[in-house]
2 protein chains.
Amino acid sequence: MDLKLVETASNPAIPSPIKRDNKRPHQILNAAIELFRDRGFEATRLEDVADKAGVSKATIYLYFESKEDLFYALIREKVVPMLEQTIAQADAFQGPASEFLRMKAKGVGRLFAHSEQGAILKLVISEARRFPDLSDYYRTEVPERGLENLSKVIRRGIDEGEFRECDTEAAAAAFMFPLLMTGIWMNSVGPDEIVRPDETIDFHCENFIRGLQV
Amino acid sequence: MDLKLVETASNPAIPSPIKRDNKRPHQILNAAIELFRDRGFEATRLEDVADKAGVSKATIYLYFESKEDLFYALIREKVVPMLEQTIAQADAFQGPASEFLRMKAKGVGRLFAHSEQGAILKLVISEARRFPDLSDYYRTEVPERGLENLSKVIRRGIDEGEFRECDTEAAAAAFMFPLLMTGIWMNSVGPDEIVRPDETIDFHCENFIRGLQV
DNA sequence: TTGAAAATACTGACTGGTCAGTCACAAAGT
DNA sequence: ACTTTGTGACTGACCAGTCAGTATTTTCAA
């Protein structure tokens, strides 16, 4: 799987001359994630990214075409591998629908709440309107793929008599949204004393299942 | 109620010389909301705000001290009135806790999904790390105030035998998050075909109550 | 093995464009 | 006349992106 994006003026088909087995791109990307999350794309100075990565600004241009390309690369390098893992996990699952939901909540919820994936989600949300093609890619590949998958699982739960009949698409969104929101919260206004992410996710998951059971 | 913020270098106690009974500030603020939401604070040029408001850039400086002040004023002028209304509504409510939740979901959910309040939420989330005092103010006044209030209502529901015993703080967050997330979704990656905000909120509300009932 | 040449990796200093914020002046209202 | 409301033109700082040149690593002939 590869990040394909429509070619635009601001996104000229990225030849991406990243040389392999070189740690520089990863150093730079890791520095960029944190700064982009904390200050936003526009307000982040490439010089600060360079400092944080321990290189000079010009070095960034050896590995990335432009500041925008750095942003695109971030999604390419950090999101796609996570996706493959999550999908494999979901495909392998056999068992009652409610167990799948529990697994999903623990996996996805914790991932967004405590890893760099939450920072990336918040970043994409923040910059979505400025990078519509990237936002479309991320939306369809990450949350919508998750929603579709969930929708099917809930349908299966209904067919097998575990869950009550309901609008499965709405249910999928209602299940997913607290997981995403917890991740965004922890990477923007939070962390704080009021919202305890793990407890919130656990409660949500159990209460959601309880509400759905016949 | 007034927006008080700790005085910092970037926020020098805002004397706010906004002359009253003048439509200019509102024109400017309305133009700013939309541009800030779509491009973010940093990437929005004051000249574009001016164009959209139908004035010259220098005119903005008759009513606002700086670009940052414009952002602060946006919260002052657009959030505080909404808050007062919501609080009055909540205080006046008498009836079963589940009815309160329904009212809350319809009110707050629709507000964030379909009005400028969703855009403001998304904006604050996006810029939270860059404007920590504003983010603190917003977080404590808007979502956390809502969470506290909800927490109490759920407690009341438990005490009156309507709801099962549970972690009321986690429950409040789990109830609130889909409402907030729907608003953010609609103002960033959405609108799209997959997420229908009203159906999502309605399902969430009913399923949440169903899960909570004894 | 050594060391000169080639290839690769990196950088400091610069530039051209952009934009927040200013100011001297103009128009409109009273 | 005087105050309020407005503006076009300017400026100084900032920063993405470039480039000429330096360091380091690799290659390979003697």
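Letters A, B, ... are given to chains in the order of the sequence lines, protein chains preceding strands, and every chain is numbered from 1.
- At the phosphate of C/dC10, neither OP1 nor OP2 sits under 4.0 Å from any side-chain N or O atom of A/Ser56.
- The shortest distance between the side-chain N/O atoms of A/Tyr63 and the OP1/OP2 oxygens of C/dC10 is below 4.0 Å.
- When rounded to the nearest whole Å, the span between CZ of B/Phe64 and C1' of D/dG6 equals 15 Å.
- Qualifying side chain to side chain donor-acceptor pair (under 3.5 Å) partners for B/Glu144, counting only residues two or more places apart in sequence or in other chains: B/Arg139.
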Please assess B/Val124 against B/Tyr137 for the test side chain to side chain contact (heavy atoms under 4.5 Å, CB included), listing each intermediate value before the final yes or no.
-> CA-CA 10 Å; B/Val124 172; B/Tyr137 171 80; over 6 Å; no
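- Taking A/Lys152 as the reference, nothing meets the side chain to side chain donor-acceptor pair (under 3.5 Å) condition, with sequence neighbours excluded.
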For a quick test of your reading: what N or O donor-acceptor pairs under 3.5 Å do the side chains of residues 168-180 of chain A make, sequence neighbours left out?
{"from": "A/Thr168", "atom 1": "OG1", "to": "A/Ser151", "atom 2": "OG", "distance (Å)": "3.2"}
{"from": "A/Glu169", "atom 1": "OE1", "to": "B/Arg196", "atom 2": "NH2", "distance (Å)": "3.3"}

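- Between the NZ atom of B/Lys23 and the P atom of D/dT5 there is a distance of 11 Å, rounded to whole Å.
- Distance, B/Leu62 CG to D/dT7 P: 9 Å, rounded to whole Å.
- Residue pairs satisfying the side-chain hydrogen bond (donor to acceptor under 3.5 Å, both in side chains) criterion with at least one member in residues 177-190 of chain B, sequence neighbours excluded, are listed as follows: B/Arg37-B/Asn187, B/Trp185-B/Asp192.
- Applying the side-chain hydrogen bond (donor to acceptor under 3.5 Å, both in side chains) rule to pairs touching residues 119-128 of chain A yields A/Ser126-B/Ser126, sequence neighbours excluded.
- Regarding A/Ile60, its CD1 atom lies at a distance of 13 Å from the P atom of D/dT18, rounded to whole Å.
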Going 5' to 3' along nucleotides 13-30 of chain C, which nucleotides have protein heavy atoms under 4.0 Å from the base (write B), which only from the sugar-phosphate (write S), and which from neither (write -)?
-> ------SBBBB-------
